[in-house]
Amino acid sequence: MYFKKIQVLKVESVNDEYFVLRIRDKELTQNIKPGQFFQIKDPCAVFPLLPRPFSVYEVEGDKLSFLIKKVGESTKHLSLLKEGHIIQLLGPLGNGFPLVSNKKVLIASGGIGYAPMTYLEQKLKEAGNEVWFYHGGRSSNDVFCEDVQNCTEDGSCGHVGLVTEHIEKCFDSIYIDVAYACGPEAMLKVLVGICAERNIPVYVSLERVMACGVGACYGCVIKIKENDSIVYKKVCKDGPVFDGAKVIWDE
Ligand code: FES
């Protein structure tokens, strides 16, 4: 884990809701696992005081990027940074996705849950897996790549309907060994149910509001089934990736 101040290489707008923040650093790009994240902030900004967690999007040589959705002042501020601006990064943090090899694998993402999945797809393919990648969003604004099975609720891009509906059809025609998912909890909960019916193990990456990002503040706890009891786990330190079958979802 590193704590560094680094220059912004580029901020690229994807559309009015999303952007990609790019940096370059040899140390940071070594040994990053798909699904890990960094706490990022602009040390010169008076507000917000706390850094925000962002999943690693792409890793290429010494270049590292983050796909970010503008959801508040903090992300809006980052979207306006120029090349050469200094930002502060802490990471890589979290456990990341456990990788399998030579299997048939499903990747499912929803909205900004797409961010950690392209690097995961790359690593799974390098390990000899066959990958089916389904991504869902409300509209074409939430679609980032044409090379995956895109599903939009309004039908403006790809298949019409919820991504989980299309994944169910995929499961009916293809045998899948293991699934990986990141997205809204409602989507993850449905997907975990679909996987349970078919005995498919599924790893889910969860999002929580984080303060410290390193397990010190207990601000990101979730409930997990462990043996016959319920235990509290920290999304930042014990996760963000958990066995979907063990997660107790909020009502
Ligand atoms: Fe502080 Fe997870 S964010 S314990």
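Note that ligands are numbered from 1 as they come in the structure, with each ligand's atoms numbered from 1 the same way.
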*Do Lys26 and Asp62 sit within salt-bridge range, that is, some charged N less than 4.0 Å from a carboxylate O?*
no

*Answer yes if the side chains of Asn141 and Ser139 hold a donor-acceptor pair under 3.5 Å, and no otherwise.*
no

*Between Glu185 and Arg208, is there a side-chain N and carboxylate O pair less than 4.0 Å apart?*
yes

*Full working for ring-ring contact (aromatic ring centres under 6.0 Å, His included) between Phe144 and Tyr114*: CA-CA 8 Å; Phe144 309 100; Tyr114 181 81; 5.1 Å; yes

*Of the options Val204, Val247, Val202, which is the one that meets Leu188 in a side chain to side chain contact (heavy atoms under 4.5 Å, CB included)?*
Val204

Which atom pairs, one a donor and one an acceptor, fall under 3.5 Å between side chains of residues 37-44 and the rest of the protein, sequence neighbours left out?
unit_1	atom_1	unit_2	atom_2	d
Gln39	NE2	Ala211	O	3.2
Gln39	NE2	Cys212	O	3.3
Lys41	NZ	Leu49	O	2.7
Asp42	OD1	Cys44	N	2.9
Asp42	OD1	His85	NE2	3.1
Asp42	OD2	His77	NE2	2.6
Asp42	OD2	His85	NE2	3.1

_Residue and atom names of protein N/O/S atoms that fall under 2.8 Å from atom 1 (Fe) of ligand 1_ = Cys212 SG, Cys217 SG

